[in-house]
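Sharing a structure, written as structure tokens. Questions coming.
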Amino acid sequence: MRVESVRGMRDILPEEARLWQALEAEIRSLVELYGYREIRPPLVELAELFSRGVGEATDIVHKEMYVFPDKKGQMLALRPEATASVVRAYIEHGLYAKGDLAKLYYIGPMFRYEKPQKGRQRQFHQYGVEALGSLDPALDAEVIDLAWHLMERVGLSREALVLRLNSIGCREDRPAYREALRSYFSARKDELCSDCQRRLEENPLRILDCKEPQCQSAIAGAPQSLDYLCEGCRKHLEELRGMLGDLGLAYELDPRLVRGIDYYTRTVFELCSRELGAQDALLGGGRYDDLVELLGGPPTPGVGFAGGMERLVLVLSQHRPANTASPALDVYVIPIGEEARKRALAILAQMRRKGVAADLDYMGRSLRKMMSVAARQARYALFLGPDELAQDRLTLKNLASGESRTLPRSEFLAHPQRFLS
RNA sequence: GGGAGCGUAGCUCAGCCUGGCAGAGCACCGCGCUGUGGACGCGGGGGUCGCGGGUUCAAGUCCCGUCGCUCCUCCCA
């Protein structure tokens, strides 16, 4: 019986992996430009980290998280997101003790047990940044600027994107707002879908996010978090809006944006593609001023965002038509005859040690076929046959121009790059 | 979790309605042409028709189940 991959887990094959590598390189270089440094937390954490950090009542934790006992019976989880892990590491290693802003970024796989579809796998990949230690709205603005910059850098135009922004207040404002929502929706309970009736008890904020048509009219008239902000939160949002204006970053204030993770406070935002269907959010994030304390660290505010690699790859492949791969090799070695074949290996090894990307046929192909492969994969063909062996020379052919020249073996191998313009 | 569509060669797909030899194009390999190319010509290898069961003399085709993919919903990145 053939063993196949697990549902929702897919292979990224070499052709696609090139695009991933390029994207990852762009992300790394850009976030490092903003002062972020990489952190690589483990993929496995105590399940408790996420139930406390992300929230027991969220779909992510109670429906979608991979949870399993280890041999000692501890409940472990595959990380469904990375912010909680980064904050755990921040606390565990005392990064706050440096008394400075900690700017951290990550790229890696996350796991959620969802129904797979295009742009949404059970093992998926996110990149993200977290800035811990400052309450300054300028930091929110910088993080949002970074998000925009990143999308532009990878080739998306501003017109193809929309930034949605909201403030959901701090822990002082939340109870009053939550109560307002609960009493508002309680009066309209029979208009709500069954999920929202459950949310009414667990987390009424989430109702605002519901897309069920039957809930829309009730949602339309619901109290808005913006009306329940304390003076500090209101000021924070106003300053942020002013800074976004100064930065020339357009946004839509969306009072119904709440997001599916409990740790957010104040600023929440999403950067969405206008060209994707139902799964249009390319990245999302916000402020989480209580999370460090909630996980046992000193009171420390934070702000960050996470973006999905799969979705980015999807949008980009619509924009950048599969660029015909230019030859990956510098030289393809073509031996003629048995003796030459034996000698070819050592010549290959020497070229590679000089930094030349070179390869050889191991499939026993005919001369003609080797030429055909060389033409496709390399810029030069290097012939080694009885004539060359007799004179201790090599024949180098430029496959683009068709010109070839024969060179003393030792001269070529001493500085192969000189002959490979 | 709910709804719909689709699974046939490495890839894109035809064949299914109306049961009767498993096909095309591309890719791959060989030969023409082991001392030089992606063109051309000729030839060739490749398939548990997703999997399991049922109906039938006969199933890729009809029926049931199942798994997977895609889309909507949901969730979010």
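Source: prediction; values computed, not measured. Letters go in sequence order (proteins before strands), and every chain restarts at 1.
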**Q.** Protein-nucleotide distance (A/Arg368, atom CZ; B/G30, atom P), rounded to Å
**A.**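 Checked: the CZ to P distance equals 8 Å.
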Q | Criterion side-chain hydrogen bond (donor to acceptor under 3.5 Å, both in side chains) against A/Glu310, the qualifying member of A/Gln121, A/His125, A/Arg120 | A |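 Among the candidates, only A/His125 passes.
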Q) Under 4.0 angstrom, heavy atoms only, what part of the nucleic acid is A/Lys63 near: base, sugar-phosphate, or nothing? A)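 It contacts nothing in the nucleic acid.
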(Q) So for A/Lys397 and B/G35, does any side-chain atom that can act as donor or acceptor lie under 3.5 Å from a complementary atom in the base? (A)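 Per atom types, no contact qualifies.
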**Q.** Under 3.5 Å donor-acceptor pair, A/Arg259 side-chain atoms to B/C75 base atoms
**A.**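 There is none.
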Q: Take atom P in B/U48 and the same atom in B/U66, then report the distance between them in whole Å.
A: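 Here B/U48 and B/U66 have their P atoms 24 Å from each other.
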Q: Identify whether a stacking contact exists between A/Phe383 and B/G35, where the ring centres must be under 5.5 Å apart and the planes under 30° apart.
A: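 Per 5.5 Å and 30° rule: no stacking.
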Q: Pick base, sugar-phosphate or nothing for A/Gly337, based on heavy-atom distances below 4.0 Å to the nucleic acid.
A: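 The residue A/Gly337 makes no contact with any strand.
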Q: Please evaluate the base of B/C75 for a donor-acceptor partner in the side chain of A/Arg120 within a cut-off of under 3.5 Å?
A: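 Donor-acceptor pair under 3.5 Å: yes.
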Q: Rounded to whole angstrom, note down the P distance from B/C29 over to B/A22.
A: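 Roughly 28 Å separates the two P atoms.
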Q: Please evaluate the base of B/U73 for a donor-acceptor partner in the side chain of A/Gln117 within a cut-off of under 3.5 Å?
A: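 Yes.
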Q: Going by the side chain to side chain contact (heavy atoms under 4.5 Å, CB included) test, name the single residue among A/Leu360, A/Leu420, A/Val356, A/Ile347 that passes it with A/Leu382.
A: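 Output: one option passes, namely A/Ile347.
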**Q.** P spacing across the pair B/G46 / B/A39, given as an integer number of angstrom
**A.**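 Rounded to whole Å, the distance is 25 Å.
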Q.
Strictly below 4.0 Å, N to O, side chains only: are A/Arg405 and A/Glu403 in salt-bridge contact?
A.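 No, no charged N to carboxylate O under 4.0 Å.
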Q | Any N/O donor-acceptor pair, A/Glu388 side-chain to B/G35 base, under 3.5 Å | A |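 Yes.
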Q. Just checking A/Leu283: base, sugar-phosphate only, or nothing, at a heavy-atom cut-off of under 4.0 Å?
A.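 Contact class for A/Leu283: sugar-phosphate only.
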(Q) Work out how far the P atom of B/C63 is from that of B/G47, and round it to whole angstrom. (A)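 The same atom, P, in both gives a distance of 28 Å.
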(Q) Taking B/G7 as the reference, what is the distance to B/C51 when you measure between their C1' atoms (whole Å, please)? (A)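 After rounding to an integer number of Å, I get 11 Å for this pair.
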**Q.** A/Asp289 backbone acceptor or donor facing A/Thr265 side chain under 3.5 Å
**A.**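 A pair under 3.5 Å: yes.
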Q: Please check if the distance between the ring centroids of A/Tyr36 and A/Tyr105 is under 6.0 Å.
A: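 Not close enough - the centres of the two rings lie 6.0 Å or further apart.
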Q.
What's the gap between B/G44 and B/A9 when it is taken at their C1' atoms, as a whole Å value?
A.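 Nearest-Å result for B/G44 against B/A9 at atom C1': 14 Å.
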Q.
Using the C1' atom as the point on both nucleotides, what is the distance between B/U8 and B/G68, in whole Å?
A.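 The answer is 15 Å between these two C1' atoms.
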Q.
Just to be sure I understand the rule, does A/Gly260 reach a base, reach only the sugar-phosphate, or reach nothing, if contact means heavy atoms closer than 4.0 Å?
A.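 Sugar-phosphate contact only.
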Q: Give the rounded distance in Å between these two atoms: CD of A/Gln121 and C1' of B/C71.
A: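 Rounded to the whole Å, the gap is 14 Å.
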Q) Taking the C1' atom of each, how far is B/C67 from B/C11, in whole Å? A)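 Their C1' atoms lie roughly 23 Å apart.
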